[in-house]
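The structure appears below as structure tokens.
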Amino acid sequence: MSGWRPETLAVHLGLEPDPATGALVPPLHLATTFERAADGGYPRGYVYARESNPTRHAFEVAMATLEGGRAAAAFASGSAAAAAVLRAVPGGGHAIVPDDMYHGLRTLLTRVLVPAGLRVTAVDMTDLAAVRAAVRPDTRLLWVETPSNPLLKVTDIASVVAVAREAEAAHGAPVWVAVDATWTPPPWQPAFGHGVDLVVHATTKYLSGHSDVLGGVVVAAPAAREGDADAWTRVRDVHRLEGGVAGPFDAWLALRGLRTLAVRLAVQADNAATLAAFLVAHPAVAEVRYPGLPGHPNHEVAARQMRSFGAMLSFRLRGGEAAARAVAGRVRLFTRATSLGGVESLIEHRASVEPPGGTTPTDLLRVSVGIEHVDDLLDDLERALAPEAVA
Ligand SMILES: *Cc1c(COP(=O)(O)O)cnc(C)c1O
């Protein structure tokens with residue numbers, strides 16, 4: 001498989017015909033326990049399903065290969081995957097996180113991890129001076145989410161890695177960099193090329209792609225670092241010892257999702273670029289946040305760092321919160337729902353789904369663009385926006 005492009009790999013990873021039956025599709029292994037040999041050994045490598053399971057393992061190998069990492073761990077949700085990384089930070093350690101962060105993870109920090117002893121500073125990660133200023137002698141993790149949710153801020157990953165390595169040199173302790181790449185599935189933003197330690201995905205979103213699987217994955221960097229500098233060992237311990245692992249059927253569905261990943265992503269990104277161009281020119285729209293627009297504040301970083309500008313965007317209405325809620329109320333093809341990355345287009349008044357006290361503007365609608373015909377999506381938005389343009 002070496003030398004194959006990501007589009008080809010996604011179709012074929014984990015798809016060797018089953019040696020027992022010749023079945024083209026991998027079997028769904030539900031077994032929790034595996035037979036030992038007469039000498040007590042484990043000739044096939046499997047012992048117990050929390051440790052590893054053939055179906056989960058096939059998905060983990062596929063994800064490691066697609067991201068260009070050396071191993072992966074599949075979790076029961078994206079939040080469980082992210083939590084495993086945050087909880088792997090050694091006791092008393094400090095983490096720097098983005099100020100515009102997936103709200104579920106922010107709530108996990110404030111409700112669970114900070115009370116349990118993790119120290120956290122939230123900064124605007126697109127401002128490198130702010131990231132550098134937030135570094136302390138006890139800093140152990142820089143958490144990157146780019147493009148961010150829901151403001152689509154784009155963080156320069158390579159520069160954040162440089163800050164981490166400077167901090168390691170200055171304070172003599174490891175500083176890991178983890179990227180929440182949920183919005184940039186492979187091949188949209190190969191983060192390991194910038195030297196990050198871990199890549200995290202909610203497989204719930206693009207990787208599964210059909211809004212019917214909850215899951216997450218952590219992928220380890222291609223090369224291990226020395227001792228405590230190697231984040232993977234600790235993450236893998238949280239995975240197998242706490243057991244927040246992906247169940248076999250969810251892993252099987254996620255693996256199936258990969259087969260169509262490349263074609264889904266290509267159509268979704270094309271559709272998103274078309275919708276962004278339409279919205280930016282619309283009189284009812286005050287601002288469009290999409291990294292592919294030349295007017296986006298981090299467009300240059302995005303153009304350098306991303307192979308595609310993705311399929312998420314958000315926009316703000318001139319008519320304020322009432323207009324935003326009215327537009328969401330008038331769509332017929334878009335579904336009003338949270339989540340993202342599925343084949344169907346979703347629209348969401350974001351501030352009202354997030355807990356109070358966040359930074360999301362109340363006049364903002366977030367859109368996850370699907371694979372419908374783009375003209376149908378345009379017609380739907382045009383109709384939903386029309387009364388606002390007149391008002
Ligand atoms: C959805 C999401 C998560 C959490 O995934 P779950 O499967 O819902 O736990 C984490 N990060 C980002 C950016 C997400 O969009």
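One-based numbering, in listed order, for ligands and for the atoms of each.
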Inset, instruction - For ligand 1, list the protein residues that place a heavy atom within a distance below 4.0 Å of one of its atoms, sorted by chain and number. - result: S77, G78, S79, Y102, E145, D180, T182, W183, A202, T204, K205, L214, G215, L340
Inset, instruction - Look at the side-chain heavy atoms of Ile, Leu, Val, Met, Phe, Trp and Tyr, link any pair under 4.5 Å apart, and say whether V61 and V235 land in one connected group. - result: no
Inset, instruction - Over 60° means perpendicular and under 30° means parallel, so classify the ring planes of Y46 and F34, tilted if in between. - result: tilted
Inset, instruction - Would you please say whether a donor-acceptor pair under 3.5 Å links the side chains of T107 and R111? - result: no
Legend entry - Side-chain donor-acceptor contact under 3.5 Å, H194 with Q305: no
Inset, instruction - Indicate yes or no: does R70 engage D230 in a salt bridge with an N to O separation below 4.0 Å. - result: yes
Legend entry - Spacing of R140 atom CZ and R234 atom CZ [to the nearest 0.5 Å]: 11.0 Å
